[in-house]
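One-based numbering, in listed order, for ligands and for the atoms of each. Small disclaimer: the values here were computed from a predicted structure and weren't measured. Starting from 1, each residue takes its place in the sequence as its number.
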Amino acid sequence: MDLSITKVEQSKLSSLPDDESKLGFGQYFSDHMFKMDYSPEQEWHSRRIVPYGPLDLDPAAMVLHYGQECFEGLKAYRGVDGGVRLFRYRDNLQRLLNSARRLCMPEFDIEEVCDGLKRLVLLEQEWIPRTEGCALYIRPNYIATDPFLGVRASNNYLLYIMVGPVGAYYPQGFDPVSIYVSDEYVRAVKGGIGEAKTCGNYAASLKAQREAKEKGFTQVLWLDGKERKYVEEVGTMNMFFVIGDEVITSPLTGSILPGVTRDSVLHILRTWGVNVSERLLAIDEVVAAAKDGTLKEAFGTGTAAIISPVGSVHYKDETHSVAGGETGPLSQKLYDHILDIQYSREEDPYGWVERIDL
Ligand SMILES: *Cc1c(COP(=O)(O)O)cnc(C)c1O
């Protein structure tokens with residue numbers, strides 16, 4: 001497994017804001033990136049770490065026309081002891097492989113990509129913020145590069161990984177989101193590409209997201225594409241509801257992205273002995289529970305925010321308050337627990353965290 005490394009002459013590190021709480025999300029990118037190429041003749045080759053910069057891509061590159069692409073999002077954390085840690089990164093790369101299979105893209109060796117990812121994060125360790133809640137966001141991206149117009153699978157590909165520091169999602173503490181249930185637009189349907197992390201799904205989501213914003217809501221809650229009845233995901237997060245003493249999330253129906261955070265939350269809740277169900281949940285059941293007071297909490301899960309409490313749900317001209325618009329106790333407890341593990345304040349009982357700088 002060869003890996004060549006070409007370093008920058010001058011780091012851009014000093015261009016970062018002094019105040020790490022001003023980092024925001026997805027705005028800063030580090031000095032280097034990992035790349036590897038695929039061709040039918042050579043298969044995967046030229047594994048390299050090179051200076052961050054524009055890609056050399058033909059204007060006819062197939063990814064730009066037909067969206068043959070998939071990506072991942074994960075984070076590296078600096079623990080309270082200064083150590084550099086990754087959280088369940090193999091699961092992210094396994095999901096990238098699953099997405100790639102769905103999109104007729106060549107298989108890759110997960111270990112080869114894991115190795116490149118770790119070497120890149122270690123090279124960029126000075127870019128990992130020191131403030132609690134901040135992290136180094138890691139974005140693997142896998143694209144079709146044949147210069148060709150016509151719908152078929154590409155022959156040549158590029159897989160690259162970029163990283164950049166991101167600020168705390170909640171610098172001022174939790175801020176529960178208001179969600180708008182779209183019954184006009186859908187994100188994905190079973191048999192489509194909703195369970196792949198691929199760019200087309202996000203392009204498809206923009207119009208509903210814009211309408212929700214215009215109406216004063218933060219995020220869209222997607223219903224299933226066929227019956228427009230069952231709750232699926234919110235924005236780019238999986239969704240959990242606490243009704244009575246049952247915690248409910250949608251099963252992986254084929255139109256839902258199998259979130260790593262979703263899986264972590266399910267595992268933790270089961271470990272805690274909480275009554276959790278992966279079952280279809282009709283929006284009417286959510287509304288009825290909101291009305292009779294049994295809807296205790298709702299929250300989204302995803303790598304960026306970890307836990308995103310929901311303060312209200314808007315459906316068919318009615319807004320229903322959730323947990324009095326505050327952060328519910330279970331949302332808070334899950335958030336604290338996962339962050340304690342990621343920042344190594346607490347020992348990780350699940351084997352999810354790997355220290356990579358020793
Ligand atoms: C990435 C993503 C999620 C969350 O996945 P995590 O692995 O928890 O970050 C959920 N839904 C969609 C649509 C996503 O793109």
Side-chain angles (χ1 to χ4, degrees), residues 25-26 67 69-77 86-100 102-103 110 114 117 135-142 161 163 166 169 177 179-182 185-190 192-209 212 218-225 230-241 249-269 278 298-310 331 334-335 337-339 341-342 350 352-353:
F25 199 92
E69 181 265 9
C70 51
F71 67 96
E72 271 306 318
L74 63 159
K75 287 172 173 173
Y77 304 86
L86 293 170
F87 183 78
R88 301 192 67 174
Y89 61 102
R90 277 199 173 72
D91 295 324
N92 288 92
L93 295 178
Q94 179 62 52
R95 186 171 65 190
L96 186 67
L97 189 56
N98 296 345
S99 298
R102 177 64 183 82
L103 295 157
I110 288 189
C114 280
L117 186 153
L136 188 74
Y137 188 72
I138 305 169
R139 167 57 56 91
N141 199 15
Y142 182 9
I161 304 176
V163 302
V166 296
Y169 220 78
V177 296
I179 58 178
Y180 176 81
V181 183
S182 179
Y185 300 107
V186 298
R187 190 190 86 90
V189 288
K190 190 174 176 185
I193 53 172
E195 62 186 345
K197 215 169 172 77
T198 179
C199 54
N201 289 327
Y202 306 88
S205 74
L206 296 175
K207 198 148 198 295
Q209 180 64 33
T218 338
Q219 297 263 7
V220 175
L221 175 65
W222 302 103
L223 300 179
D224 75 281
Y230 301 108
V231 294
E232 292 210 324
E233 298 192 73
V234 61
T236 56
M237 291 185 283
N238 296 110
M239 195 60 216
F240 287 75
F241 292 89
T249 194
S250 171
L252 300 174
T253 54
S255 49
I256 288 183
L257 203 283
V260 175
T261 320
R262 171 190 182 278
D263 188 71
S264 304
V265 164
L266 284 173
H267 188 86
I268 292 168
L269 291 174
E278 289 175 76
F299 56 89
T301 63
T303 295
I306 309 299
I307 301 287
S308 179
V310 168
S331 308
L334 282 165
Y335 179 78
H337 182 56
I338 295 174
L339 261 77
I341 292 169
Q342 289 174 334
Y350 314 107
W352 289 337
V353 172

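Checked against a 3.5 angstrom limit, the closest N/O atoms of T301 and ligand 1 fall outside it. For the pair R95 and ligand 1, the shortest N or O to N or O distance falls below 3.5 Å. The shortest N or O to N or O distance between G73 and ligand 1 is not under 3.5 Å.
By the criterion of a heavy-atom distance under 4.0 Å, the side chain of L257, and not its backbone, is placed next to ligand 1. Of all the heavy atoms of M237, the ones lying under 4.0 Å from any atom of ligand 1 belong exclusively to the backbone.
Distances from atom 13 (C) of ligand 1 to the heavy atoms of R88, M239, R187 put R187 nearest. Taking only non-hydrogen atoms, the option from T261, D263, T236 nearest to atom 4 (C) of ligand 1 is T236.
Looking only at protein heavy atoms, the nearest one to atom 12 (C) of ligand 1 is E233 OE1, 3.4 Å. The protein heavy-atom contact nearest to atom 2 (C) of ligand 1 is K197 NZ, 2.6 Å. Protein heavy atom at the shortest distance from atom 9 (O) of ligand 1 is T303 OG1, 2.6 Å. With hydrogens left out, the protein atom closest to atom 15 (O) of ligand 1 is Y202 OH, 2.4 Å, a heavy atom.
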So E232 and M239, side chain to side chain contact (heavy atoms under 4.5 Å, CB included) or not? Walk me through it. CA-CA 7 Å; E232 292 210 324; M239 195 60 216; over 6 Å; no

Stepwise side chain to side chain donor-acceptor pair (under 3.5 Å) test for S255 and E195: CA-CA 5 Å; S255 49; E195 62 186 345; over 6 Å; no

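Exactly one of L93, D91, L117, V163 qualifies for a side chain to side chain contact (heavy atoms under 4.5 Å, CB included) with L74. That residue is L117.
Summarising the geometry of L96 relative to P140, their closest heavy-atom pair is CD2-CB, 4.3 Å, with the distance given to 0.1 Å. Closest approach of L103 and E69 over heavy atoms only: CD1-O, 3.1 Å.
Under a 4.0 Å criterion applied to the non-hydrogen atoms of N238, ligand 1 contributes the atoms 10 (C). Atoms of ligand 1 found under 4.0 Å from any heavy atom of G259 (numbered from 1 in listed order, with element): 5 (O), 6 (P), 7 (O), 8 (O).
Using a cut-off of 4.0 Å between Lys/Arg side-chain N and Asp/Glu carboxylate O, R139 and E72 are scored as not salt-bridged. Remark: D224 does not engage K190 in a salt bridge, criterion side-chain N to carboxylate O under 4.0 Å.
F25 has its ring centre less than 6.0 Å from the ring centre of Y137. With ring centers used as reference points, Y335 lies 6.0 Å or more from Y169.
Put simply, no part of E72 is less than 4.0 Å from ligand 1, judged by heavy atoms.
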